[in-house]
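Values below: every heavy atom of this structure, side chains too, minus hydrogens, waters and symmetry copies.
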Amino acid sequence: MNILKKIGTPFVAIWRWIKETAWVQPLLIVGIIFAIIFSIPSITKGIQGLMDRKESDIVYFEDHQLSLEGSKRGEENSQANIFFDKFVEAQNLWENGDKEGARETLSSYSNNGNKFFLFFVQEECAGCSSLKEGCEYLEDNWSTYVTDSEEPSFYFQSIIVDQEIDDDYYEDEDKHPIDDLVTYQSYLEFYRIVMGNIQNQRYYINVGIRDGSSGQNTIYSNTEALINTSDLQTPTIMLLDLTDTNTTSYIVSEVFYTSDATFSAASDVYGKASFIADAWTYDGVFGKDYH
């Protein structure tokens, strides 16, 4: 206590001198005001930096966005609507053995690579920011994580579920564009197909080995939410695989979430990139030999 008292004595003396010296006080007040004024640009810059980062996250997904514009009832001709029409067509071809026909139907969405991710994302989404960081790093360091030269290059399509469109229709109906999409016939067929296969996917099975039924229940309930816009999980990540590696009857080969214990535990971008790469190549928790 004596040591602390000795350390504090000079500060107490300075404070007493300021209180008792009239001319110092206005100078001190003016100094504080100028300090605040000069610090405003730095504070503003910091806030703007955070805003720019959030914006850049969603801009990344906008590069391959399936727009919802035109998804309202009576039109149903948005990029997203057309994609799900194509998906249902390709799935039917794939299931009936016409793999080349299925590949051709979705070739523009995979950049002719026959494999791509489908992301459901939104702004103000921490998991989406993490996904973006992992994907960007994976793209920039592809050969480090994916060593098989026969693998298609990384590619994705995204649906930004909180996309807003300037149309009185949405205000009058008290809804958002995504609300119409999830009631669209081809989307509902897509949903039925995904739910019909979710429990047979390798990732779902392996999460059961690792986390038990609780992990599987989370995957199942998150995927169920694809038709409930108030509960729709972002990011929802799907791998659509039309390569010969996929020997199942389903184009959607994996469905997963950034809430996965392995992904969320990755505190650095390397672990995030590795997890996404594992999904692409069916390794790790996505592999058939997972224990």
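- For the salt bridge (charged side-chain N to carboxylate O under 4.0 Å, His left out) condition, the pairs that include at least one residue of residues 137-153, sequence neighbours left out, are Lys115-Glu151.
- Hydrophobic clustering places Ile159 together with Ile82 (ILVMFWY residues linked when any side-chain heavy atoms are closer than 4.5 Å, directly or through intermediates).
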What side-chain donor-acceptor pairs closer than 3.5 Å can you find for residues 266-274, not counting sequence neighbours?
from   : atom 1 : to     : atom 2 : distance (Å)
Asp268 : OD1    : Tyr270 : N      : 3.2
Asp268 : OD1    : Gly271 : N      : 2.8
Lys272 : NZ     : Glu133 : OE1    : 2.9

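- Residues satisfying the salt bridge (charged side-chain N to carboxylate O under 4.0 Å, His left out) test with Lys86, not counting sequence neighbours, are none.
- Sorted by first and then second residue, the disulfide bond (SG atoms under 2.5 Å apart) pairs with a member in residues 127-172 read Cys125-Cys128; sequence neighbours excluded.
- Shown here are the ring pair (Phe, Tyr, Trp, His ring centres under 6.0 Å) partners of Tyr109, two or more places apart in sequence or in another chain: Phe83.
- When the salt bridge (charged side-chain N to carboxylate O under 4.0 Å, His left out) test is applied to Arg202, no partner is found at least two apart in sequence or on another chain.
- For Asp231, there are no salt bridge (charged side-chain N to carboxylate O under 4.0 Å, His left out) partners, not counting sequence neighbours.
- With hydrogens and angles ignored, the 3.5 Å screen pairs a side-chain donor or acceptor of Gln216 with a backbone N or O of Tyr204.
- With hydrogens and angles disregarded, a donor-acceptor distance shorter than 3.5 Å links the side chain of Asn141 to the backbone of Tyr137.
- Applying the salt bridge (charged side-chain N to carboxylate O under 4.0 Å, His left out) test to Glu89 and every residue at least two apart in sequence or in another chain returns nothing.
- Asp260 contributes a side-chain N or O that, together with a main-chain N or O of Thr262, makes up a donor-acceptor pair within less than 3.5 Å.
- Panel note: side chain Asn246, backbone Asp241; a donor-acceptor pair is recorded below 3.5 Å.
- Put simply, the side chain of Arg103 gets close to the backbone of Leu242: a donor and an acceptor are under 3.5 Å apart.
- Partners of Phe117 by ring pair (Phe, Tyr, Trp, His ring centres under 6.0 Å), not counting sequence neighbours, listed by chain and number: Phe119, Phe154, Trp280.
- Between the side chain of Asn206 and the main chain of Arg210, no donor-acceptor pair closer than 3.5 Å is present.
- Relative to the ring axis of Tyr169, Lys72 places its NZ or CZ within 45° and under 6.0 Å from the centre.
- Under the rule for a ring pair (Phe, Tyr, Trp, His ring centres under 6.0 Å), the partners of Phe190 that lie at least two apart in sequence or sit in another chain are Phe84, Phe87, Tyr187.
- A distance-only check finds a donor-acceptor pair linking the side chain of His291 to the backbone of Asp289 [under 3.5 Å].
- The backbone N or O of Asp98 lies less than 3.5 Å from no partner atom in the side chain of Asn96, so there is not a single donor-acceptor pair.
- A search for side-chain hydrogen bond (donor to acceptor under 3.5 Å, both in side chains) contacts involving Thr281 returns Asp283, not counting sequence neighbours.
- Without hydrogens or angle criteria, Thr218 side chain to Ser214 main chain gives a donor-acceptor distance under 3.5 Å.
- Screening Phe275, Tyr257, Tyr203, Phe286 against Phe263 for a ring pair (Phe, Tyr, Trp, His ring centres under 6.0 Å) leaves a single residue, Phe275.
- In this view, Phe116 satisfies the ring pair (Phe, Tyr, Trp, His ring centres under 6.0 Å) rule with no residue, not counting sequence neighbours.
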